[in-house]
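Counting from 1, the numbers follow the sequence of the chain as shown. All heavy atoms count here, side chains included; hydrogens, waters and symmetry mates do not.
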Amino acid sequence: MILRLFLGGLIFTLLPAGAAEKPNFVFIVSEDNSKHYLKLFDEGGAETPHIASLAQNGIKFTRAFSNTPVCSTARTTLATGCYGPRIGTQFHRRSKMAEMPEGVRMFQAYLRDIGYYTTNRSKKDYNAVESEGTWDASSSKATWRNRPDAEQPFFHMQSHAESHEGRLHFSEETYQNDKTSHDPEEVVLQPYFPDTPLFRYTRAHYLDRMQVIDDIVGATVAKLAEDGVLEDTFIFYFGDHGGVMPRGKGYAYESGLHIPLVVRVPENFKHLVDADLGRSNGGFVSFIDFGPTVLNLAGIEVPRGMDGTPFLGDGISLAEVAKRDTVFGYADRFDEKYEQVRTLRIGDWKYMRSFQPYYPDGLQNNYRYLQLAYREWRALFNQGKLNDAQIQFFQPKPAELLFDLSTDPHEVKNLASAPAHQARLVAMREQLTDRLKAMPDLSIYPENVLYDAAMSNPVKYGKEHSEQISELIETANLMLVPYVDAHPALTAALTSDDPYQRYWAATACAYFGEEASELAHTARPLLNDEDPMVRVRAAEFLGRIGKVDPRTTLIDVVNSSDHPIEQLIALNAAAYFHEHTETAFLFQASDFEGVKGEGERRIQYFDNDWLKEPRGVKSKGKK
């Protein structure tokens with residue numbers, strides 16, 4: 001029982017005998033799984049009794065989000081409490097580490113400042129330079145049990161790859177011979193998947209993995225109980241982002257962003273939570289909020305430079321949390337695959353904005369396509385055997401999408417063009433645009449620009465260029481209005497002195513395609529622009545409408561540059577033309593010279609040997 005004494009106008013809280021002065025924290029993180037694979041959150045998921053037990057003694061958050069759908073970007077958001085596009089950590093994986101924002105450290109460092117023992121076992125995968133003093137120990141052997149004083153409070157994070165995407169990279173032999181505990185005939189597939197034995201087996205196989213995770217959760221709880229600290233410890237169980245079947249990890253759909261979250265509340269610190277335990281809370285919480293929540297529970301003031309808001313602890317009403325209904329999401333480069341996507345969800349309405357919408361979701365990404373189900377899906381597309389929902393993954397998309405998740409939880413029915421929803425569409429568009437400008441969103445610049453100029457202080461760079469960023473967003477948004485209305489501004493931007501105005505005007509023209517063919521003459525000089533990224537976008541526009549062979553420009557950009565990111569952006573366009581245009585322009589690995597970094601994956605792809613060495617090989621081209 002918690003006793004409160006009123007003496008001299010002051011309130012004192014008496015903890016139960018033997019209770020710690022500060023709560024402990026344990027993060028149990030399962031890699032690559034959205035909420036859709038646990039029955040606790042989704043009827044088609046696996047039974048997870050240990051995780052369910054946490055919920056019975058805590059709170060199940062039914063609308064928790066990772067903000068971003070892939071490992072390094074999500075984990076950096078989690079550690080910093082900051083949106084990646086604001087602090088320069090939005091690309092997976094980093095081409096260059098971003099310095100932390102001034103006045104902000106990774107949240108575990110603040111715990112350590114007041115005496116916590118902080119451990120990580122053991123994945124970091126940050127895109128920002130780790131703050132000094134974040135961890136006492138980070139290794140495969142790190143544990144709270146190693147703290148020098150048994151009375152010392154601790155924060156411990158452990159990540160588990162038993163649910164990682166790689167667990168679905170099983171062989172054809174495994175598929176044919178190894179049985180799953182879950183019956184493939186009984187699983188419920190998402191409607192955008194083809195209903196095949198392989199897809200059913202893949203889902204059943206992954207449900208089995210979730211039960212392995214559940215056993216790990218149970219074992220961790222048992223260790224805390226054995227050590228006599230269970231009722232002093234807040235346990236957070238969650239997935240580090242969505243996944244892991246196709247169209248999950250890396251994609252800003254709910255399958256990539258909506259994660260399971262359960263927080264077990266310890267008996268000795270129930271007074272920090274103002275709600276009955278064993279209940280669900282439908283308020284929106286996301287990774288930017290996790291660090292601030294832990295700091296608040298520990299009695300530490302949340303740094304002003306963090307973007308998140310606590311959802312537990314002193315001064316926080318769970319009734320107020322339940323009213324939170326808005327979350328922002330983002331996706332950018334995903335290994336070698338580019339597409340800039342921003343999302344805004346308000347209640348059951350989801351708005352998605354793609355800035356390169358002519359790139360299909362199914363654009364080649366070597367590591368993804370190691371999964372048999374990915375390859376089968378693409379084969380069925382090539383054979384013309386997919387229905388309307390299943391084929392979307394391989395097609396260009398509108399620049400904006402609007403989904404009613406109450407009736408379309410899997411986001412296959414785009415309502416953006418429906419007359420009945422135009423007011424909502426415009427309102428959400430404007431809210432997202434305002435957010436991107438206010439942030440400001442650094443991804444309005446190509447990644448090579450940030451690599452060269454911003455990473456020593458991304459926040460400062462964004463503030464110094466905020467006016468230009470707002471203007472560039474307006475140019476990028478020309479693709480959201482009818483072409484006839486956009487034409488005058490596109491014409492002006494294509495001939496602007498600002499290379500990034502030319503860049504976004506060419507991108508918008510590539511989206512409009514044939515509609516913008518009258519601007520081909522204006523855009524043609526951009527094939528020789530002084531900025532190589534403008535050349536790439538001009539080649540995409542003119543190549544899409546059949547006015548030029550884009551290979552000449554794209555090969556020249558790659559071979560004339562020694563910049564790994566310039567190469568990578570051009571190679572992404574090459575991969576698009578290689579496979580996804582009506583009249584494909586095929587590339588050979590031998591077309592390219594001196595490719596470095598992530599671009600080597602594209603060389604593998606063009607050489608058709610990516611299944612042998614998925615993590616990249618040296619360029620086949622001349623050095």
Around atom CG of Asp348, are there more than 12 heavy atoms of other residues, nucleotides or ligands at under 6.0 Å?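 Above 12, so yes.
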
Tell me every residue that passes side chain to side chain donor-acceptor pair (under 3.5 Å) with Thr76, counting only those two or more places apart in sequence or in another chain.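 If we apply the side chain to side chain donor-acceptor pair (under 3.5 Å) test to Thr76, skipping adjacent residues, there are no hits.
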
Step by step, work out the side-chain hydrogen bond (donor to acceptor under 3.5 Å, both in side chains) result for Ser255 and Gln190. CA-CA 10 Å; Ser255 53; Gln190 293 90 320; over 6 Å; no

Determine whether the side chains of Glu467 and His465 contain a donor N or O and an acceptor N or O closer than 3.5 Å.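 No donor-acceptor contact under 3.5 Å links the two side chains.
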
How about Ser34 and His258: does a side-chain donor come under 3.5 Å of a side-chain acceptor?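 His258 and Ser34 do not have a side-chain donor-acceptor pair below 3.5 Å.
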
Ring centers of [X], [Y] separated by less than 6.0 Å:
{"X": "Tyr503", "Y": "Tyr445", "result": "no"}
{"X": "Phe27", "Y": "Phe238", "result": "yes"}
{"X": "Phe155", "Y": "Tyr116", "result": "no"}
{"X": "Tyr338", "Y": "Tyr359", "result": "no"}
{"X": "Phe287", "Y": "Phe290", "result": "yes"}

With sequence neighbours excluded, what pairs up with Phe403 under the ring-ring contact (aromatic ring centres under 6.0 Å, His included) test?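 ring-ring contact (aromatic ring centres under 6.0 Å, His included) check on Phe403 returns nothing, list empty.
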
For Phe393, ring-ring contact (aromatic ring centres under 6.0 Å, His included) partners two or more places apart: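 Phe393: ring-ring contact (aromatic ring centres under 6.0 Å, His included) contacts with Tyr251, Trp377.
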
Arg353 to Phe355 six-membered ring, cation-pi geometry met (6.0 Å, 45°):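 Positive - Arg353 is close enough to the ring of Phe355 and near enough to its axis.
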
Considering only NZ, NE, NH1 and NH2 on the basic side and carboxylate oxygens on the acidic side, decide whether Arg94 and Asp125 come within less than 4.0 Å.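 Salt bridge: yes.
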
Quick one: do Lys413 and Asp408 make a salt bridge, cutoff under 4.0 Å?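 Salt bridge absent between Lys413 and Asp408.
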
